[in-house]
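The block underneath contains the structure these notes are about, expressed in structure tokens.
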Amino acid sequence: MASNSTKSFLADAGYGEQELDANSALMELDKGLRSGKLGEQCEAVVRFPRLFQKYPFPILINSAFLKLADVFRVGNNFLRLCVLKVTQQSEKHLEKILNVDEFVKRIFSVIHSNDPVARAITLRMLGSLASIIPERKNAHHSIRQSLDSHDNVEVEAAVFAAANFSAQSKDFAVGICNKISEMIQGLATPVDLKLKLIPILQHMHHDAILASSARQLLQQLVTSYPSTKMVIVSLHTFTLLAASSLVDTPKQIQLLLQYLKNDPRKAVKRLAIQDLKLLANKTPHTWSRENIQALCECALQTPYDSLKLGMLSVLSTLSGTIAVKHYFSIASGNVGSSPRSSDLVRLAQECCYHNNRGIAAHGVRVLTNITVSCQEKDLLALEQDAVFGLESLLVLCSQDDSPGAQATLKIALNCMVKLAKGRPHLSQSVVETLLTQLHSAQDAARILMCHCLAAIAMQLPVLGDGMLGDLMELYKVIGRSATDKQQELLVSLATVIFVASQKALSAEVKAVIKQQLESVSNGWTVYRIARQASRMGNHDMARELYQSLLTQVASEHFYFWLNSLKEFSHAEQCLTGLQEENYSSALSCIAESLKFYHKGIASLTAASTPLNPLSFQCEFVKLRIDLLQAFSQLICTCNSLKTSPPPAIATTIAMTLGNDLQRCGRISNQMKQSMEEFRSLASRYGDLYQASFDADSATLRNVELYPKQQQSCLLISHAIEALILDPESASFQEYGSTGAAHADSEYERRMMSVYNHVLEEHTACLCNAIISLLKVPLSFQRYFFQKLQSTSIKLALSPSPRNPAEPIAVQNNQQLALKVEGVVQHGSKPGLFRKIQSVCLNVSSTLQSKSGQDYKIPIDNMTNEMEQRVEPHNDYFSTQFLLNFAILGTHNITVESSVKDANGIVWKTGPRTTIFVKSLEDPYSQQIRLQQQQAQQPLQQQQQRNAYSRF
């Protein structure tokens with residue numbers, strides 16, 4: 001590979017620097033492949049995976065792989081090895097090869113070489129292609145033949161290919177099983193080759209008969225070859241086969257427990273524990289009480305800490321699943337048996353105070369899971385054991401900053417959070433323990449303990465007030481240096497303080513935090529603390545911190561971003577002065593808040609870039625602005641009942657129009673408009689929710705359920721309808737007979753006065769509801785600041801014009817076959833919050849401009865509206881639509897994609913792609929029409945002459 005200082009022949013390709021289209025990039029690499037220098041050829045080959053990542057569509061990938069196949073066919077072994085590595089790195093793109101036959105033909109030609117190394121590389125290449133050629137009989141035959149080769153390199157390559165083809169092809173697995181069995185049991189086969197052949201049997205799970213025969217063979221191997229290596233390989237293959245076939249999992253658990261109990265070799269015991277852990281993670285429901293009991297007995301009897309640690313890790317995994325509930329439900333059915341007297345609990349209690357931190361951590365986890373999952377009332381002693389074990393582990397690990405101690409501390413703190421959630425009456429003692437230990441712990445442990453305190457305080461806010469005093473004392477004494485741990489501790493401790501102080505921060509708390517930040521913190525730490533303040537609703541603190549950072553950034557985009565955050569915090573701070581029953585003050589507070597919000601949205605727009613458009617942030621803030629304006633308008637509407645009451649003739653108008661709501665005067669129409677506006681805002685919040693596929697769950701709850709967002713809009717609209725606009729609540733009794741006019745009018749006056757009073761109370765109720773909603777501080781959640789998951793869809797349409805503005809020509813008597821291909825692109829953490837199950841493609845067409853001729857066309861042929869769902873495979877999907885353009889003119893085709901996750905929720909992620917189609921009249925119809933016009937012209941002239949002759 002050429003160094004950065006050397007100008008390569010591929011420098012013009014400019015990956016990441018100079019964007020080229022797919023064809024240009026492929027031509028540059030092809031130029032390198034045809035170079036006479038081996039180094040340049042190798043450099044061109046190894047750049048192909050990056051090309052596939054950048055342009056992941058079949059037309060380019062097919063051409064590229066055909067070029068690589070040519071290099072593989074005519075190149076030397078080193079080039080073939082490079083092509084093999086590229087193929088293995090680009091495994092998910094193999095299905096996009098269109099000319100599979102031609103590609104395999106060029107690769108397969110090397111299998112007839114006299115060079116065993118070339119044949120070995122070819123076999124590995126065929127094995128890497130097994131997913132797209134699983135049933136190629138010539139490849140199957142070559143693999144079987146190469147297994148009998150006398151060259152070790154070729155045999156190892158054949159074993160690799162056989163394993164890959166066995167995983168993909170049932171026919172190959174059935175055919176090769178006997179061959180593998182003969183080689184393993186043959187005396188002429190070397191032991192090291194047998195050890196490589198045995199793992200192939202893990203893929204014999206295509207049907208029950210094949211799995212049974214493979215299992216019998218493995219059983220014979222375990223019995224016939226008792227050496228350590230053979231037993232380890234055979235048992236592990238046994239486990240993988242059972243995990244894939246599922247039917248023999250209980251038998252495999254018993255076999256592993258038997259070896260764990262009876263085999264004296266520690267290596268075999270470790271392998272048995274490792275496989276038991278695998279089965280505990282994959283199939284915990286297959287574990288019986290006898291299995292768990294046998295594992296507990298082995299753990300109680302073993303004198304080796306390493307083995308006890310492994311067994312406890314298996315038990316701690318099972319304790320968090322349905323297996324432990326099954327264990328205790330059967331145990332409680334026995335006479336004289338209870339959870340406290342079981343071997344599992346006795347083992348966990350013994351291990352809680354073990355001198356090995358790992359064993360103690362797993363013992364505590366088992367106790368915690370049992371305490372949380374078993375809801376019996378007589379578990380007080382068990383709860384105390386769990387709490388005491390957690391306390392001792394916390395004291396032990398908080399004084400040690402080694403990686404092992406920190407990993408153990410994380411387990412203990414997770415157990416504390418789980419215990420506080422499952423058994424709330426224990427949370428107070430847990431919090432007191434954490435606060436006490438926080439003063440003497442190491443900085444690395446303090447950070448983790450702060451995260452634990454914040455999680456408990458979020459679950460149980462009532463504990464927050466008790467934390468605040470201790471936290472402030474600790475905040476005053478930390479931060480003596482500017483190390484990374486100290487900076488992280490400042491952020492973590494500030495977060496706990498924000499969570500603990502559920503209302504606005506006091507002046508003393510703010511002063512302490514700012515004093516510490518001024519002394520030792522850097523700008524990034526201040527920003528992180530300000531971000532946490534915005535998330536927790538402490539906007540006054542956040543505004544001051546954002547203000548202090550404005551002059552410390554070098555980019556104008558960062559400046560505008562910080563300035564927008566400062567304005568948003570200032571806007572939310574204006575709403576903290578709202579008071580009940582004071583509506584004029586509420587209007588002025590909302591107006592002041594809107595002023596700062598408009599300043600902030602201008603800065604936020606300036607902070608956006610093409611690579612980072614800040615679309616979620618802008619839409620979120622725009623919705624907030626519109627919501628505040630709707631609240632302000634509703635308060636003004638409610639106040640108008642006093643400033644502009646219904647006229648005296650309102651009752652007569654209501655009777656004339658037959659609408660009782662007209663008795664309220666013009667406020668009824670204003671209320672209808674407000675209700676529609678709030679419903680529209682709720683719909684827009686729903687659209688924002690559906691467009692936020694990559695958002696974390698807390699952000700989505702904030703958009704959907706938080707009192708400020710979608711539910712608040714629906715709440716106010718329902719309140720308006722129920723209190724003001726509901727016909728039942730606004731209707732009056734029918735008037736009596738005309739003979740009692742005076743009495744009826746008196747009754748009417750009294751009823752009208754009562755109704756006006758009720759109406760005023762209803763409007764006051766609405767205003768108070770608005771103020772109550774606005775007094776809840778808005779939370780700017782994580783997705784507003786950072787995106788942990790990134791998912792995007794890239795679409796390619798064919799046929800597609802060279803120029804996007806140029807339409808595609810199609811005749812009106814033909815249908816256009818539109819092929820839609822797409823690639824799902826991920827960031828660094830794919831599927832962190834949710835994964836794509838299927839992609840929904842919606843294709844619609846609209847007539848943009850019509851040609852001069854106007855003909856009668858069936859209504860069915862005028863529009864195209866189609867939808868298809870496709871499931872992406874290896875992040876690629878493809879489908880076709882058949883579109884009809886019977887009307888002459890230019891049509892606009894829009895293809896819009898949305899995704900469906902594993903829970904069945906549809907997300908409007910986009911993108912939206914548009915192409916133009918020009919529908920032309922077919923030549924035959926045009927010729928017929930012209931002939932008809934020419935035939936009609938003499939007839940029209942004859943009719944005109946006849947008309948003139950009459951006169």
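This chain uses plain numbering: 1 for the first residue, then up along the sequence.
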Item checked: Asp151 side chain vs Val153 backbone, donor-acceptor pair below 3.5 Å -> yes
Checklist line | Phe877 side chain near Glu821 side chain, heavy-atom distance below 4.5 Å | finding: no
Next item on the list: Any chance you could lay out the side-chain contact (heavy atoms from CB on, under 4.5 Å) test for His141 and Arg144, step after step, and finish with the verdict?
Entry: CA-CA 5 Å; His141 176 71; Arg144 291 176 63 93; 5.6 Å; no
Margin query: Checking Ile893 against Thr914 for the side-chain contact (heavy atoms from CB on, under 4.5 Å) test, could you report, in this order, the C-alpha distance in whole Å, the side-chain angles of both residues, the deciding distance, and whether it holds?
Written below: CA-CA 6 Å; Ile893 301 178; Thr914 302; over 6 Å; no
Next item on the list: Return yes if a side-chain donor-acceptor contact under 3.5 Å exists between Ser790 and Asp694, otherwise no.
Entry: no
Next item on the list: Might you work through the side-chain contact (heavy atoms from CB on, under 4.5 Å) test for Ile143 and Leu126, ending with a clear yes or no?
Entry: CA-CA 9 Å; Ile143 294 170; Leu126 292 173; 5.6 Å; no
Note to self: What I want to find out is whether Asp275 reaches Arg270 closely enough, with some N-O distance under 4.0 Å, to be called a salt bridge.
What the structure shows: no
Check: Does a donor on one side chain and an acceptor on the other come within less than 3.5 Å for Thr879 and Gln868?
Finding: yes
Note to self: Counting only heavy atoms not in Met27 (residues, nucleotides, ligands), do more than 12 fall under 6.0 Å from its CE?
What the structure shows: no
Next item on the list: State plainly whether the residues Lys835 and Asp901 are in salt-bridge range, i.e. N to O under 4.0 Å.
Entry: no
Margin query: I'd like to know if the side chain of Glu95 reaches the main chain of Ile132, judged simply by a donor and an acceptor atom lying under 3.5 Å from each other, with no hydrogens or angles considered.
Written below: no
Notebook entry, point to check: Has the side chain of Arg834 got a donor or acceptor atom that lies under 3.5 Å from a matching backbone atom of Ala902?
Noted result: no
Notebook entry, point to check: Does a donor on one side chain sit under 3.5 Å from an acceptor on the other, for Asn874 and His93?
Noted result: no
Notebook entry, point to check: Less than 4.0 Å between a side-chain N and a carboxylate O, is that true for Asp70 and Lys67?
Noted result: no
Next item on the list: Using a strict 4.0 Å threshold on nitrogen-to-oxygen distance, state whether Lys31 and Glu28 make a salt bridge.
Entry: yes
Next item on the list: Determine the interplanar angle of the Phe65 and Phe103 rings, folded into 0 to 90°, and report it as parallel if under 30°, tilted if 30 to 60°, perpendicular if over 60°.
Entry: perpendicular
Checklist line | Stepwise side-chain contact (heavy atoms from CB on, under 4.5 Å) test for Gln185 and Gln220 | finding: CA-CA 10 Å; Gln185 293 177 335; Gln220 294 175 7; 3.0 Å; yes
Check: Is the closest side-chain heavy-atom distance between Leu221 and Ile198 below 4.5 Å?
Finding: yes
Note to self: Please tell me whether Glu135 and Ser169 have a donor and an acceptor in their side chains that are separated by less than 3.5 angstrom.
What the structure shows: yes
Notebook entry, point to check: What do the steps show when you test Ser128 against Gln88 for side-chain hydrogen bond (donor to acceptor under 3.5 Å, both in side chains), and what is the final call?
Noted result: CA-CA 6 Å; Ser128 303; Gln88 292 175 343; 3.2 Å; yes
Check: Are the charged groups of Asp30 and Arg34 less than 4.0 angstrom apart, N to O?
Finding: yes
Notebook entry, point to check: Would you call Glu102 and Arg106 a salt bridge, using N to O less than 4.0 angstrom?
Noted result: yes
Next item on the list: Just say parallel, tilted or perpendicular for the rings of Phe52 and Phe48, cut-offs at 30° and 60°.
Entry: tilted
Notebook entry, point to check: For Leu33, does its backbone N or O pair with a side-chain atom of Gln41 as donor and acceptor, under 3.5 Å?
Noted result: yes
Check: Thr239 and Gln252: side-chain donor and acceptor closer than 3.5 Å?
Finding: yes
Check: Do Asn164 side-chain atoms and Gly127 backbone N/O form a donor-acceptor pair below 3.5 Å?
Finding: yes
Next item on the list: Please confirm whether the backbone N or O of Pro807 pairs with a side-chain atom of Lys918, one donor and one acceptor, at under 3.5 Å?
Entry: no
Notebook entry, point to check: Strictly by modelled atom types, are Asn884 and Asn864 linked by a side-chain donor-acceptor pair under 3.5 Å?
Noted result: no
